[in-house]
Amino acid sequence: MTPKKRYKFARVKLTRAGVRNGLDGPAVARPRALFKSFSRERHDLIWATVFLLPAMVAILSTRVWPAVGAISSSLHTGFPGGVREPVFSWFDNYLRLFENPAFIEVIVRTIAFNLVINPLQIAIALVISLVMTRTIPFRGLWRTLVFIPATVPIVGSTIAWGIGLRWDGPVNAIISALGGTPQPFFTSADQALASIILVATWIGVGYWMLFLIAGIEAIPREYYEAAKIDRAGPIRTFFSITVPQLKRPLLFVLVACTVANFVLFVPIQLITNGGPQSSTALLMFDAYRTTFGYGSRNLGAAEVVILASIMLTFVALQFFLLREDREPKGGSK
Amino acid sequence: MKSTKRSAVAIFAAAAIFATVGCTTASDVADSSASSAAGSGADTTAAWSIPDTDPVATITLLGLPDLVDGNMQPVLDAFAEAHPNITVVYQNVPFDALNAAIDAGVSAKNGTPDVYWADMPRIAALTARGYTTDLTEQFAPYSDAWDDASYKGASVGDTLQGVPIANSSQLLYYNKDLLDSAGVDYPSNDPNSRITWEDIKQNSKNLVADGTKNGIVFGQVDRYYQLQALPVSLGGSPGATGEGNLTPDITGDPWVTSMDFYGSLFAEGLSPRGITPEQNDQEFLDGNTAYYVQGPWFLPALNSSDINWGVALHPYFADGVPVTATGSWALAMNPFSQNKEATAIFMKWMSVDEGAGYIKYRPDAELPANKAGKDFYYAKDVFKSDEGDKAAKIIGFETGNTAVNRLSTVGYVEFEGIVNRAFADIRNGIDARTALEAASTELEAAWQTYK
């Protein structure tokens with residue numbers, strides 16, 4: 001830091017301290033208080049830096065730097081594989097991607113998938129949470145049962161569902177036993193993505209439920225009592241009390257769920273491999289295949305940047321829609 | 001307080017998104033650091049030779065066969081005995097993960113693995129990516145050791161980029177009991193009365209009607225390696241034409257007709273839909289399959305089973321010509337290897353010494369690329385039975401007369417992935433023309449990189 005800058009810094013502090021002293025204490029005490037305050041703030045600043053440094057280094061090296069690397073890589077084009085040096089080529093990768101109708105289909109499919117799966121998962125999690133916060137027998141047992149799928153590694157759940165939904169698997173056996181027609185599930189272009197949604201929802205719902213239960217239980221009982229006195233029915237109570245009071249956990253769940261589903265990969269890689277007829281080729285899987293299957297790292301990086309941009313747009317929209325100032329009067333503390 | 005919580009959620013969201021970008025592109029960062037390391041350290045062009053005395057070294061081999069189930073352990077033990085100074089660390093990956101493992105390993109530029117299993121039709125693509133070491137100078141003195149087709153299969157232009165360790169062929173195995181039960185004649189071993197695909201389909205219908213679970217099963221279901229023989233039998237190209245074989249050619253009549261046929265086998269319940277290549281052998285060994293197309297590597301399992309099996313010539317289309325799959329594995333050297341000389345000694349031992357150590361010491365009946373290896377190959381136990389003897393004669397005939405190599409192109413990596421997915425779609429009931437046209441469009445886009 002240059003002496004001039006230090007002077008400026010000190011002057012700002014002096015001014016602030018001066019204002020405070022001017023209001024709180026006698027004028028004679030100013031110089032000593034000024035010095036003390038300045039010294040304490042610098043002391044705090046040093047220690048804050050020391051404590052924050054490891055986290056900052058970790059965030060910069062493992063998060064920000066790779067993100068910058070991905071953006072830089074997406075602006076280069078190179079021969080597939082990681083040995084030859086790529087050359088800077090502005091937006092060539094992006095142009096190539098957007099000129100490819102199959103890639104546009106991947107983006108549309110990814111967005112459509114997320115527009116269905118996220119509200120679906122959260123709605124189911126919310127309904128289950130409401131049931132699980134009522135006084136029902138064996139509540140702990142039911143909660144545990146719903147949560148168990150979240151504790152099983154996703155690879156295990158995926159394999160189990162892959163077998164379960166096979167042509168000759170148990171689900172079709174049940175359908176046949178009930179007099180229905182066996183369904184192709186993962187082997188049909190019309191049903192594969194829906195089957196993926198089923199698997200992901202089965203895995204995810206229990207996890208999101210946990211946060212929502214915590215949120216519901218944190219809502220003060222008085223609100224419900226007040227609603228009761230006002231003769232509000234269960235639906236009115238749900239929309240006027242539960243939902244507004246649940247905004248914060250709901251926002252967290254919505255954002256986390258969206259992020260998780262945008263990067264959903266395992267069921268697609270293990271069961272459908274993007275097929276049949278590319279019907280389950282979502283952007284995350286496509287980026288993986290481009291990068292590691294074909295070795296086109298730069299093109300894959302461009303896909304990842306596009307994925308992250310779409311995801312950010314969605315998350316920003318969610319923040320906007322669930323912003324706090326829309327909270328009804330009396331709801332804030 | 002409110003804003004603090006909201007900031008916390010915002011930070012979480014940003015961190016999660018950064019994590020996405022970060023995780024998926026960790027390789028890019030690894031790349032940039034590795035390239036600087038490569039620039040200062042590893043010299044990929046330094047001269048090397050195959051020394052007469054073994055250096056003390058540890059090399060890493062990335063391979064396909066499992067140590068125990070795939071009988072790779074006896075091979076490595078025999079090498080350790082012949083070359084005690086060289087330690088081989090073996091990394092085993094499943095077939096579907098091999099290419100991604102090669103890509104990740106070599107592009108890290110740290111020299112691991114030193115040597116890896118390379119599918120011959122991929123060698124052109126691997127070389128174009130800079131993943132192989134030119135072996136021409138060091139291995140030229142041994143080029144006579146291999147049959148011509150294998151030498152060419154491991155070469156790119158005039159340069160040798162891998163050493164061939166195996167060759168392959170395809171046979172039609174059948175379950176005698178199931179055929180007897182349905183009153184179906186055994187398929188022929190006479191090249192003049194080779195069974196047709198049309199007959200296989202008709203017989204399969206009779207067999208399934210008789211109670212057989214699977215009429216006909218492709219051992220390499222949905223894999224170009226085995227299915228290429230269908231369109232080519234009808235006069236189709238290997239899948240691409242033009243300069244560098246980079247113009248897709250999979251929508252012509254031979255491809256559509258033969259793939260219609262492939263799809264119909266599944267649609268009509270003659271082949272099982274949901275069984276993977278890894279499960280097919282067991283289906284035959286369990287007595288569930290009447291006809292089974294598979295390579296000679298299946299022979300040991302048959303010999304040690306109770307199945308009453310027979311073997312015949314690979315089928316062809318009545319309007320076409322007999323065609324069989326061929327080509328197999330080579331060993332390629334990582335250009336960033338720090339132990340090129342020790343690695344070369346290992347590669348030479350596997351493919352040249354003693355008629356190819358890999359063939360000699362691996363009990364499995366992998367067809368040798370080494371000419372001298374054929375002597376002890378056909379003397380293996382698996383060929384001692386009557387049917388084994390027939391198999392040996394069929395392999396000899398097919399490799400010399402009907403074998404057709406897979407497509408040779410720098411775009412093979414994309415080609416195989418996209419075409420295999422089209423095969424899977426057809427198996428699952430998608431119309432062959434629709435699936436192949438979609439694959440052709442996808443290929444056009446993927447091959448832009450090479451044009």
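Every chain is numbered from 1, with letters handed out A, B, ... down the list of sequences. Here the structure is a predicted model, which means the values were calculated and not measured.
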### Message
Do the side chains of A:R166 and A:D168 get close enough for a salt bridge, i.e. N-O under 4.0 angstrom?
### Response
yes
### Query
Heavy-atom distance under 4.5 Å to chain A: side chain of B:A445, backbone, both or neither?
both
### Message
Can you tell me which portion of B:D103 sits under 4.5 Å from chain A's heavy atoms? Options are side chain, backbone, both or neither.
### Response
both
### Query
Is chain A contacted by the side chain of B:A422, its backbone, both, or neither, given a heavy-atom distance below 4.5 Å?
neither
#### Entry: B:A435 versus B:D425, closest heavy-atom pair with distance
CB-CB, 4.3 Å
### Query
Hey, what's the ring geometry for A:F262 with A:F314, parallel, tilted or perpendicular (30° and 60° as the breaks)?
perpendicular
### Task
Give, as side chain, backbone, both or neither, the part of B:E414 having an atom under 4.5 angstrom from any heavy atom of chain A.
both
### Message
For a quick test of reading the model, state the closest non-hydrogen atom pair linking B:T276 to B:V221 and the distance between them.
### Response
C-CG1, 4.3 Å
#### Entry: Part of B:A100 within contact of chain A (heavy atom distance under 4.5 Å)
both
### Summary
Given B:Q448, B:E442, B:R421, the one with more heavy-atom pairs under 4.5 angstrom with chain A than any other is B:R421
### Query
Side-chain donor-acceptor pair under 3.5 Å between B:T132 and B:T127, yes or no?
yes
